[in-house]
Amino acid sequence: MIYKVLFFATEDPRKASSWSNVPNRFIHALEKRGIEVVAVQMLPYPKMGYLWDYFFRRVLKVLLQTEPRYFNRTRLAKWLGERIIQKTVRKHADADLCVFVGYQFVNRFNDIPSLLFSDWSNEIAFERAGKLPSIFERRNLEQERKAICHAKYVVSMFPVCAKRMKELYPEANILYFGGNVVNNFYDKDLVEEEVLKRKRKSHTILFVGKPDRYKESAIKVMEAFKSVRERDKNVQLHIVGIRQRDFKTIPDGVTCHGFLHKDDEKECQEYYNLLLDAKVIINPTPQWAAYSSLIEAMYFYTPVVVSPYKDFVEEFGQDIPFGRYNEDYSVEGIQKDLERVLHSSEYDDLCKSAHHQVQTYTWDDYVEKLLNSL
């Protein structure tokens with residue numbers, strides 16, 4: 001039985017904004033089961049990290065003509081994190097389990113077992129990007145490998161990644177529990193007919209994504225939106241995660257909300273109103289398309305337009321009954337896919353199917369599977 005967990009993350013684990021809300025919801029689900037959770041931030045030095053990432057790292061990139069590591073993957077960060085782990089496990093030697101968000105750290109200081117929890121390792125990230133790691137990153141990848149192989153349990157949230165990690169780290173205990181989790185902060189009951197009624201009346205297209213990864217896709221969606229709006233002046237596009245000033249121009253009918261924090265009551269309410277009002281959510285980015293925001297929108301009965309990237313297809317199939325795959329990542333293709341969903345004669349069925357696909361993706365169910373596997 002697990003009675004006490006030491007929960008480690010590089011950011012504050014209890015903040016809703018940390019790593020797509022995952023640590024916060026994970027801890028909440030553990031505590032609901034009566035488990036004592038000690039939440040520990042391993043890198044509580046935001047100014048140090050900011051100075052490295054936005055000044056020293058850029059200078060080194062120019063001088064060395066290579067990609068230096070971000071602060072959280074430097075030797076200094078590793079040393080600082082290890083010190084905090086050592087102090088914590090000695091202070092709480094009665095704990096039953098150490099949970100680490102990410103694969104960089106592991107408890108090496110006593111016999112409390114470690115569970116590492118994330119999506120994929122950095123080695124897989126380099127494979128997917130088609131890049132060779134720099135000399136700095138190769139050292140970091142070796143440290144990551146050692147942590148993965150040392151941990152008693154290593155959990156990946158995605159089937160494709162779990163399969164690849166078993167190939168890369170055959171001596172490690174790689175686990176995948178099936179399905180995933182919706183990081184839901186909505187505290188009201190979802191009444192299907194009320195939600196469908198709201199969506200039938202809606203003219204809102206929703207896009208969610210960060211500027212560093214999804215700005216290019218947002219620009220393509222805005223170009224496609226202009227053509228959609230020529231046929232229907234009521235259609236609106238709402239972009240969450242990117243500010244208006246991040247774009248040179250935006251078309252009429254587009255509203256940029258920037259990042260909406262779920263630990264801010266007003267912004268959290270605004271975000272869930274957008275999900276409930278969304279007629280469709282779109283992210284056509286190849287390889288990876290803001291998975292967490294998509295499945296959360298699906299939970300709120302929202303059909304999707306998404307790229308057929310490997311992880312999504314592996315989980316939901318080649319043909320999705322809750323929206324469309326955008327195959328070619330072109331403005332014209334995005335426009336056609338949006339209009340097919342917006343004007344579908346089977347729109348209610350798309351909504352119901354979207355919710356049905358992820359209705360069991362709750363943290364309570366996921367944590368139960370996880371604890372039963374230990």
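These numbers come from the heavy atoms of this one structure, side chains and all, not from hydrogens, waters or symmetry mates.
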Checking His356 now: which residues fulfil side chain to side chain donor-acceptor pair (under 3.5 Å) with it, not counting sequence neighbours? Gln359

Could you tell me whether Lys226 and Glu223 have a side-chain N and a carboxylate O separated by less than 4.0 Å? yes

Is it true that the side chains of Glu123 and Tyr169 contain a donor and an acceptor less than 3.5 Å apart? yes

In Å and rounded to the nearest 0.5 Å, what is the NZ to CD1 distance from Lys248 to Ile219? 8.5 Å

Residues forming a ring pair (Phe, Tyr, Trp, His ring centres under 6.0 Å) with Tyr186, sequence neighbours excluded: Tyr272, Phe300

Would you say the ring centroid of Trp288 lies under 6.0 angstrom from that of Tyr214? no

Can you confirm whether more than 12 heavy atoms, excluding those of Lys369, are under 6.0 Å from its NZ atom? yes

Would you please say whether a donor-acceptor pair under 3.5 Å links the side chains of Trp363 and Asn184? no

For this output row, return yes or no: ring centroids of Phe8 and Phe105 closer than 6.0 angstrom. no

Is there a side-chain contact between Ile239 and Thr255, using heavy atoms and a 4.5 Å cut-off? no

Under the rule for side chain to side chain donor-acceptor pair (under 3.5 Å), what residues qualify as partners of Arg128, not counting sequence neighbours? Asp311

Decide yes or no for Ser307 and Asn326: does some side-chain heavy atom of the first lie under 4.5 Å from some side-chain heavy atom of the second? no

Using distance alone, with no hydrogens and no angle criterion, decide if Lys15 and Asn24 have a side-chain donor and acceptor under 3.5 Å apart. no

CD on Glu296 to CG on Asn180, rounded to 0.5 Å: 12.0 Å

Which distance, rounded to the nearest 0.5 Å, do you find between the CG of Leu237 and the CZ of Phe225? 5.5 Å

Less than 6.0 Å separating the ring centroids of Tyr361 and Tyr366? no

Ignoring hydrogens and angles, tell me if any N or O in the side chain of Glu315 forms a donor-acceptor pair with the backbone of Phe158 under 3.5 Å. no

Salt bridge (Lys or Arg N to Asp or Glu O under 4.0 Å) with Glu193: which of Lys199, Arg200, Arg198? Arg200

Quick one: are Met157 and Ser118 in side-chain contact, heavy atoms under 4.5 Å? no

dist Glu192:CD -> Asp348:CG (nearest 0.5 Å) comes out at 8.5 Å

Ignoring hydrogens and angles, tell me if any N or O in the side chain of Asn110 forms a donor-acceptor pair with the backbone of Val89 under 3.5 Å. yes

Measuring from Tyr299:OH to Thr360:OG1, what's the distance to the nearest 0.5 Å? 9.5 Å

Does Val280 reach the side chain of Val304, with side-chain heavy atoms less than 4.5 Å apart? no

Qualifying side-chain hydrogen bond (donor to acceptor under 3.5 Å, both in side chains) pairs with a residue from residues 230-240, counting only residues at least two apart or across chains: His238-His257

Hey, is the main chain of Asp119 close enough, under 3.5 Å, to the side chain of Ser156 for a donor-acceptor pair? yes

Listing request: all salt bridge (Lys or Arg N to Asp or Glu O under 4.0 Å) pairs with a residue in residues 99-115, at least two apart in sequence or in separate chains. none

Any donor-acceptor N or O pair under 3.5 Å, side chains Tyr329, Ser217: yes

Please indicate whether Asp319 has more than 12 foreign heavy atoms, meaning atoms of other residues, nucleotides or ligands, lying under 6.0 Å from its CG. no

Please check this pair: side chain of Lys78 against backbone of Gln104, looking for a donor-acceptor N/O pair closer than 3.5 Å. yes

Expected output: side-chain Ser344 to main-chain Glu346 donor-acceptor under 3.5 Å: yes

Is there a donor in the side chain of Thr285 and an acceptor in the side chain of Asn283, or the other way round, less than 3.5 Å apart? yes

Less than 4.5 Å apart, side chain to side chain, heavy atoms only: is that true for Val367 and Leu30? yes

Give a yes/no verdict on a cation-pi contact between Lys210 and Phe259, requiring under 6.0 Å between NZ or CZ and the six-membered ring centre and an angle within 45° of the axis. no

Heavy atoms, side chains only, cut-off 4.5 Å: are Ser292 and Asn183 in contact? yes

Rounded to the nearest 0.5 Å, the OG atom of Ser373 sits from the CG atom of Leu115 at a distance of 7.5 Å

Can we call the ring centroids of Phe117 and Phe100 under 6.0 Å apart? no

Closer than 3.5 angstrom, by distance alone: can the side chain of Asn107 be matched with the main-chain N or O of Ile112 as a donor-acceptor pair? yes

Pairwise side-chain contact, Asp365 with Val181, heavy-atom cut-off 4.5 Å (strictly under): no

Assess the residue pair Lys163 and Glu314 against the criterion (salt bridge (charged side-chain N to carboxylate O under 4.0 Å, His left out)); give the C-alpha distance rounded to whole Å, side-chain angles, the decisive distance to 0.1 Å, and a yes or no. CA-CA 11 Å; Lys163 181 180 178 181; Glu314 178 74 17; over 6 Å; no

Within the distance-only criterion (no hydrogens, no angle test), does the side chain of Asp246 pair as donor or acceptor with the backbone N or O of Ile242 below 3.5 angstrom? no

Does Glu332 CD have over 12 foreign heavy atoms under 6.0 Å away? no

Keeping to residues at least two apart or across chains, list the salt bridge (Lys or Arg N to Asp or Glu O under 4.0 Å) pairs with something in residues 173-183. none

Given the rule in the side-chain contact (heavy atoms from CB on, under 4.5 Å) test, do Arg243 and Cys256 qualify, once you have shown the distances and angles that lead to the verdict? CA-CA 5 Å; Arg243 300 163 299 183; Cys256 296; 5.6 Å; no

Lys4 side chain to His92 side chain, donor-acceptor N/O pair below 3.5 angstrom: yes

Test log, rule side-chain contact (heavy atoms from CB on, under 4.5 Å), inputs Phe185 and Asn21: CA-CA 9 Å; Phe185 284 74; Asn21 323 129; 3.7 Å; yes

Could you verify whether a donor N or O on one side chain and an acceptor N or O on the other, from Asp12 and Gln41, lie under 3.5 Å apart? no

Quick one, Lys91 with Thr88, criterion side-chain contact (heavy atoms from CB on, under 4.5 Å). Give me CA distance, side-chain angles, the key distance, then yes/no. CA-CA 5 Å; Lys91 182 179 179 181; Thr88 304; 5.8 Å; no

Donor-acceptor contact below 3.5 Å, side chain Ser353 vs main chain Leu350: no

Counting neighbours of CD on Glu31 that are heavy atoms of other residues, nucleotides or ligands and sit closer than 6.0 Å, is the number greater than 12? yes

Is the shortest side-chain heavy-atom distance between Val155 and Ile174 below 4.5 Å? no

Glu265, CD: over 12 other non-hydrogen atoms inside 6.0 angstrom: no

Examine distances only and state if a side-chain atom of Arg145 and a backbone atom of Leu168 form a donor-acceptor pair shorter than 3.5 Å. yes

Is Asp337 reaching over with its side chain to a backbone N or O of Arg324, donor-acceptor style, under 3.5 angstrom? no

Is any NZ, NE, NH1 or NH2 atom of the basic residue among Arg164 and Glu167 found under 4.0 Å from an Asp or Glu carboxylate oxygen of the other? yes

